[in-house]
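Data block below; observations after.
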Amino acid sequence: MPELPEVETVRKTLTKLILDKTIENITVYWPKIIKNPLEVEQFIDALKGERIVDIGRRGKFLIIYTKKYALVSHLRMEGKYGLYQKSEPFDKHTHVIFHFTDDTELRYRDVRKFGTMHLYVKGEEFAREPLVHLGPEPFSADFTVDYLQTKLSKTNRKVKPALLDQKLLVGLGNIYVDETLFRAGIHPERLASSLTKKEIFLLHREIVATLSEAVEKGGSTIRSYVNSQGEIGMFQLELLVYGRKDEECKRCGRTLIKTTVGGRGTHYCPHCQKLKL
DNA sequence: AGAGGTTCTCGGGCGC
DNA sequence: TGCGCCCGAGAACCTC
């Protein structure tokens with residue numbers, strides 16, 4: 001599900017729902033989701049009595065702040081947060097419940113159980129896994145054309161796997177990387193180090209543009225994504241290549257192709273994105 | 001039946 | 001031989 005635009009949308013909607021609520025207790029049904037502290041009891045005890053004071057985001061990670069702690073949460077493929085009345089029944093994919101002092105509770109649901117949670121004392125979170133080695137935010141001043149140029153020139157990988165690496169840049173996932181490469185006219189299997197200065201400039205511009213347009217539209221709903229208020233995104237209507245195998249390229253009219261690159265399903269236009277050598 | 005929006009771990013290959 | 005880095009493959013889990 002969630003790449004940067006979806007996580008940013010979850011951050012905004014979840015803030016409206018749980019800001020200022022106080023955690024009375026927590027129930028953990030699938031302890032493997034909690035990666036730090038190792039003991040689930042410690043996780044629960046730490047957060048008891050804590051009030052939600054802010055919700056942030058770093059790349060695809062959500063950071064729920066209480067007065068003392070930072071809860072770093074990754075939704076991976078299918079993780080979802082939702083606010084429910086305590087009286088509502090919960091399904092078998094609900095793995096963590098944060099019981100608030102009012103009659104509501106925050107439920108974490110995750111069909112594939114890939115999601116993770118790390119709890120740290122506030123201020124330590126950026127110096128620890130999983131945030132410590134992340135690359136720059138695409139909307140930050142650190143993410144410049146020169147930075148992208150330097151990084152791509154130093155790797156032997158193909159451009160698509162390079163851009164999916166969150167150490168190079170945070171936020172891109174399989175959907176937005178395919179969209180970005182199409183918009184920049186770059187074949188996903190080009191060697192990253194072979195890109196020209198002009199191509200890097202276009203790539204940088206389209207990374208920022210694609211992600212910011214997607215944030216404005218509330219993300220993309222492909223299979224199951226909904227924000228914390230249960231609403232779908234709208235950017236899937238703007239997708240130019242992702243999920244459009246065998247359909248017409250909106251730029252040149254030829255047939256779009258789907259292959260595998262770096263083990264990931266990859267959509268592109270063989271005419272607009274040439275694999276020059 | 002196999003792929004699926006993610007990322008961690010592991011092992012092979014290579015250079016020093 | 002050893003170490004460290006880089007990279008790709010496989011694994012984590014469930015649904016359709």
Side-chain angles (χ1 to χ4, degrees), chain A residues 1-10 29-36 38 57-62 72-81 91-96 108-118 128-135 150-181 188-194 210-211 214-215 217-227 232-246 257-267:
Chain A
M1 164 183 59
E3 305 178 31
L4 186 149
E6 291 74 31
V7 177
E8 177 60 18
T9 305
V10 168
Y29 297 96
W30 190 257
K32 286 178 75 174
I33 289 180
I34 316 293
K35 303 295 185 185
N36 189 76
L38 268 34
R57 178 189 60 73
R58 176 79 172 93
K60 303 175 190 175
F61 293 86
L62 217 47
V72 179
S73 172
H74 199 300
L75 277 26
R76 292 287 181 99
M77 305 287 268
E78 308 231 23
K80 289 172 189 60
Y81 282 103
D91 67 15
K92 64 174 177 176
H93 301 304
T94 299
H95 305 309
V96 183
Y108 177 72
R109 300 173 51 231
D110 187 344
V111 167
R112 296 178 68 179
K113 298 175 174 167
F114 282 1
T116 60
M117 296 183 192
H118 293 75
R128 307 284 228 92
E129 292 293 350
L131 302 184
V132 64
H133 290 127
L134 293 182
T150 303
K151 284 298 204 178
L152 292 180
S153 71
K154 287 198 292 202
T155 181
N156 291 316
R157 311 173 89 180
K158 293 169 179 174
V159 63
K160 173 165 175 171
L163 292 175
L164 285 173
D165 186 344
Q166 305 294 298
K167 291 196 279 296
L168 194 150
L169 161 76
V170 297
L172 288 177
N174 207 37
I175 297 175
Y176 296 110
V177 78
D178 279 3
E179 292 300 304
T180 295
L181 288 168
E189 300 200 78
R190 285 280 299 286
L191 243 32
S193 56
S194 78
T210 304
L211 289 174
V215 167
K217 299 275 183 177
S220 302
T221 295
I222 301 298
R223 301 171 53 178
S224 63
Y225 166 73
V226 290
N227 68 32
I232 63 169
M234 282 298 145
F235 194 74
Q236 67 278 10
L237 303 175
E238 319 281 327
L239 296 177
L240 299 174
V241 288
Y242 188 89
R244 300 192 64 243
K245 176 174 88 122
D246 296 336
I257 283 181
K258 182 178 179 191
T259 56
T260 301
V261 178
R264 311 296 304 278
T266 298
H267 312 71

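Here the structure is a predicted model, which is why all the values come from computation and not from measurement. Every chain is numbered from 1, with letters handed out A, B, ... down the list of sequences.
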Under 4.5 Å between any side-chain heavy atoms of A:Pro130 and A:Phe61, yes or no? yes

Could you check how far CG of A:Leu169 sits from P of B:dT6, rounded to whole Å? 13 Å

Could you tell me which residues satisfy salt bridge (Lys or Arg N to Asp or Glu O under 4.0 Å) with A:Lys60, sequence neighbours excluded, listed by chain and number? none

In whole Å, what is the span from the CZ atom of A:Arg58 to the P atom of B:dT7? 12 Å

What's touching nucleotides 14-16 of chain C from the protein side, N or O pairs under 3.5 Å?
| from | atom 1 | to | atom 2 | distance (Å) |
| --- | --- | --- | --- | --- |
| C:dC14 | OP1 | A:Lys113 | NZ | 2.6 |
| C:dT15 | OP1 | A:Lys92 | NZ | 3.2 |
| C:dT15 | OP1 | A:His93 | NE2 | 3.2 |

Taking the basic N atoms (NZ, or NE/NH1/NH2) and the acidic carboxylate oxygens, is any pair closer than 4.0 Å for A:Lys160 and A:Asp178? yes

So does A:Gln166 get a side-chain nitrogen or oxygen closer than 4.0 Å to the phosphate oxygens (OP1/OP2) of B:dT7? yes

When both distances are under 3.5 Å in a Watson-Crick or G-U wobble arrangement, the nucleotide paired with C:dC13 is none

Touch class at under 4.0 angstrom, heavy-atom based, for A:Gly173 against every strand present: sugar-phosphate

Value in whole Å for how far the P atom of C:dG10 lies from CZ of A:Arg264: 15 Å

Passes salt bridge (charged side-chain N to carboxylate O under 4.0 Å, His left out), A:Arg109 versus A:Asp91? Steps please. CA-CA 8 Å; A:Arg109 300 173 51 231; A:Asp91 67 15; 2.9 Å; yes

B:dC8 versus C:dT15 - spacing of their P atoms, nearest Å: 24 Å

Note, A:Phe235 side chain near A:Leu237 side chain (heavy atom, < 4.5 Å): no

Look at A:Lys32 and C:dC13 and indicate whether a side-chain polar atom (N or O) is within less than 4.0 Å of OP1 or OP2. yes

Looking across every strand, which nucleic acid part, if any, lies under 4.0 Å from A:Thr155 by heavy atom: base, sugar-phosphate, or nothing? sugar-phosphate

Whole-Å gap separating P (B:dG4) and NE2 (A:His267): 7 Å

Could you check how far CG of A:Leu172 sits from C1' of B:dT7, rounded to whole Å? 15 Å

To the nearest angstrom, how far is A:Leu4 atom CG from B:dT6 atom P? 11 Å

To the nearest Å, give me how far apart NZ (A:Lys151) and P (C:dC5) are. 13 Å

So, do A:Tyr29 and A:His95 have ring centers that fall under 6.0 Å from each other? no

At less than 4.0 Å, is any side-chain N or O atom of A:His74 found next to OP1 or OP2 of B:dT6? Yes or no. no

From CD (A:Glu179) to CG (A:Leu240), nearest 0.5 Å: 5.0 Å

Nearest-Å distance, CG (A:Asn174) to P (B:dG4)? 8 Å

